[in-house]
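A, B, ... follow the sequence lines: proteins, then strands. Residue 1 opens every chain.
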Amino acid sequence: MSFRCGVAMRILSSQVSKHVGEEVRVAGWLHRVRALKKVTFAVLRDREGLIQVIAAEPGLMQRLAELPEETVIEVVGTATANPQAPGGVEITSPSVTELSDPAVPPPFDIYRPVVSASLPTVLDNAAVALRHPRLRAPFEISAASVAGFRRAMERLDFTDVHTPKVVSSATESGANVFALDWFGRKAYLAQSPQFYKQTLVGVFERVYEVGPVFRAEPHDTARHLAQYTSLDAELGFVTDHRDVMAVVREAVADMVSTVAERAAGAVELLGVELPDVPAEIPSIHFADAQELLARETDEDPRGEPDLAPAHERWLCDWAMREYGSQFLFVSGYPMAKRPFYTHPDPERPQYSNSFDLLFRGLELVTGGQRLHRHSDYLAALAARGESPEPYAGYLAAFAHGMPPHGGFALGLERFVARLTGADNIRWTTLFPRDLHRLAP
RNA sequence: GGUCCUGUAGAGCAGUUUGGAGUGCUCGCCACCCUGUCAAGGUGGAGGUCGCGGGUUCAAGUCCCGUCAGGACCGCCA
C-alpha cells in the first residue's frame, strides 16, 4: 500500500478489497449507521461507492451512533474479507476522525436505494439531494455525453471555441432574451452562439462549442429550461444540409458509445437502455412526414409550418416500426418559420435545407445549411423588414467571403433526459433555471 | 400566455364527495431492547396554527371567495 509520512494514503471504497489484511485509510460521508447491541455498522460513502465499517468497541459504537448521517469522516482500520459483509469486504478495528461538523440531517433519506422525495423537494435541497446515487447518476451520463461529443468533434478536426454569452443584439429576431445592464448600455444573454460559430467557420472551417444558452421564453413544461447547455457545431464547405446530418450522426454515436464506456455504473444503476445509432439514421422530408400523418393518423397537419409534439412522437414510433431506429431525421422544414440565415432548398424554395433529429419522441437537434452569400443575407433581412445595421459584425464575415456551410445544436439536458427516461428535464439539470426557479 | 390538477408532521401520502375534538398510514427522528446488520428488526415516544387571508356556520382540513406556492398538458422551442 502507499504511505506518506508513515501513514496510509487514502484509498477509495472500491479499492478496499485489494488490500485485505492491510491497514487502510478511507474517507467520505457517513451514509448510514446500524446499531446493534454488540456491534455497530457504519456505511461510508465516497465518490466510488460504499464501504462498511464495523465497530465493536463500546466507546466507538456510542460515538458512531451519535454522529448524524452525512457527517464527513475518515476511517483507518484493517481491510477484512468477510462473506457476510456487503461486497465481501469491510473495515475492522477502525479509528474514526470527524472531518466536518456534525451534519444537518437531509430532509429525506439519502441512503435508501430509491428516492422518495418529489422533484421540487429534490431541487430545493439540491446540495445534499444530488449525493443520492440515483440522483447523481444522470450527471455522470451527462459528463460522458459531453466527452463523447468532444471526442467526435476532435476526431473530425473541429476546433473548440468559446464565444461571448453577453451580446449586444438578439440572435434571432422576435426571440425572448434576457436584458441586462452592461456599463450603462443595454445587453442580452446569448440565446445561442449562432452568429459567432458561423463567423468562426470563416476562420477555422470547423468549430464546436459546449456552453450555456439563455431563453427568456415563458413556456413552462417538463422539457424547457431558461438556461440549458447547448452542444453546437458548424462546418464549412458543405454541399448541403446532408453533410451536416452526417456529422450529427457521428456526434450522437460517439456520445452513446462514450456513455457506455465512461458511465457504465450509472447506466446500470438507472437501468438505461442505450440506443443503437444506425450507420445511416433514417430521414424523412417534412412534406412526406405530413402526408404520412395525414394518411395514417386521424389528424391532417398538412399546411402547418411545424410538427406538433404529438406528431413527433408518432413519427418516432413509425421510425421504430419501419427502420428499427430510435432516431429519425426530419428535413426540409418550411422556410416560413425558420430564421433568416436558413438556406432554402434550391429545388423547392418554400422548403429549407434544414433538419431536426428526433430521439424517442422528442426534438433533440436542430440544424441545417445556412446562407453564405452576403447578398443573400441583405435580401433575407430586407424581406423580413429588418435593418442590417444591428447585424453589422456578423454580416462582415459574409462580406469578406464565406464558404457554403451549416451546423447544428443539440440540447444536452434533453439528450440525457431521453436517454435515462426522465419524465422531467429538471432531473437531468444540476441546478435548473426556469420561469420560477432562480435558486439554489 | 391558455387549460387542468395539487398544497395535511422532516419526507411521501390517505382523510375533503356527505362539515362534528388534528382521525390515520409508510418512512425518518428520540429513548430503550436486540445472534453480522446490509432499505435491519422489536417496543415505546415526540413532532401539525391541515399554504395564507377572509366569509358561511353552533361547528371548517372539509363548503364559498381571494391570494400565494408547486405540478401536468398545450402553444413555442433544443
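Atom CD1 of Ile110(A) and atom P of A39(B) are 16 Å apart (whole Å). Between Arg223(A) atom CZ and A72(B) atom P the separation is 11 Å, expressed in whole Å. One atom, CD of Glu312(A), and another, P of C77(B), lie 10 Å apart when rounded to the nearest Å. In this structure, Gln52(A) atom CD and G36(B) atom P are separated by 12 Å, rounded to whole Å. A straight line from CD1 of Ile425(A) to P of A78(B) spans 12 Å, rounded to a whole angstrom. Counting to the nearest Å, the C1' atom of U37(B) and the CD atom of Gln84(A) are 9 Å from each other. Going from atom CG of Leu307(A) over to atom C1' of C76(B) covers 13 Å, rounded to whole Å.
Between Thr366(A) and the phosphate of A78(B), there is a side-chain N or O to OP1/OP2 separation shorter than 4.0 Å. The shortest distance between the side-chain N/O atoms of Arg338(A) and the OP1/OP2 oxygens of C77(B) is not below 4.0 Å. The phosphate of A72(B) has OP1 or OP2 within less than 4.0 Å of a side-chain N or O from Asn424(A).
Remark: the separation of the C1' atoms in U62(B) and G75(B) is 36 Å, to the nearest Å. For the P atoms, the distance from U56(B) to G44(B) is 46 Å, rounded to whole Å. Comparing G48(B) with C65(B), their C1' atoms sit 26 Å apart, to the nearest whole Å. Separating the P atom of C74(B) from that of C30(B) is a span of 45 Å, rounded to the nearest Å. Only the P atoms considered, G42(B) is 50 Å distant from U3(B), to the nearest whole Å. Taking the C1' atom of each, G53(B) and C58(B) are spaced 23 Å apart, rounded to whole Å. A60(B) and U8(B) have their C1' atoms separated by 14 Å, with the value rounded to a whole Å.
With a 3.5 Å ceiling on both atom-pair distances, the Watson-Crick or G-U wobble partner of C32(B) is G42(B). When both pairing distances are held under 3.5 Å, G70(B) makes a Watson-Crick or G-U pair with C5(B). With a cut-off of 3.5 Å on both Watson-Crick or G-U wobble distances, the partner of C27(B) is given as G10(B). Pairing for C58(B) goes to G20(B), judged as Watson-Crick or G-U wobble with the two contacts each under 3.5 Å. Taking a pair to require two hydrogen-bonding distances under 3.5 Å in either a Watson-Crick or a G-U wobble arrangement, C50(B) remains unpaired.
No donor-acceptor contact under 3.5 Å links the side chain of Glu69(A) to the base of G28(B). Looking at Arg414(A), its side chain comes within 3.5 Å of the base of C77(B) through a donor and an acceptor atom.
Stacking between Tyr228(A) and the base of A78(B) is present: ring centres sit under 5.5 Å apart and the planes differ by under 30 degrees.
At the heavy-atom level, Arg45(A) lies nowhere under 4.0 Å from the strands shown. At the heavy-atom level, Ala35(A) lies under 4.0 Å from base atoms of the strands shown.
Contact check on Arg150(A) versus Asp254(A) returns no salt bridge, with no Lys/Arg side-chain nitrogen under 4.0 Å from an Asp/Glu carboxylate oxygen. Salt-bridge check for Glu70(A) with Arg131(A): passed, with a basic side-chain N closer than 4.0 Å to an acidic carboxylate O.
Taking the centre and axis of the six-membered ring of Tyr111(A), the NZ or CZ atom of Arg32(A) falls inside the cone set by 45° and 6.0 Å.
In this structure, a donor-acceptor pair under 3.5 Å is present between the side chains of Glu209(A) and Thr163(A). Under the 3.5 Å distance criterion, with hydrogens and angles disregarded, no donor-acceptor pair is assigned to the side chains of Tyr333(A) and Asp306(A). Looking at Arg360(A) and Gln326(A), their side chains do bring a donor and an acceptor atom within 3.5 Å of each other.
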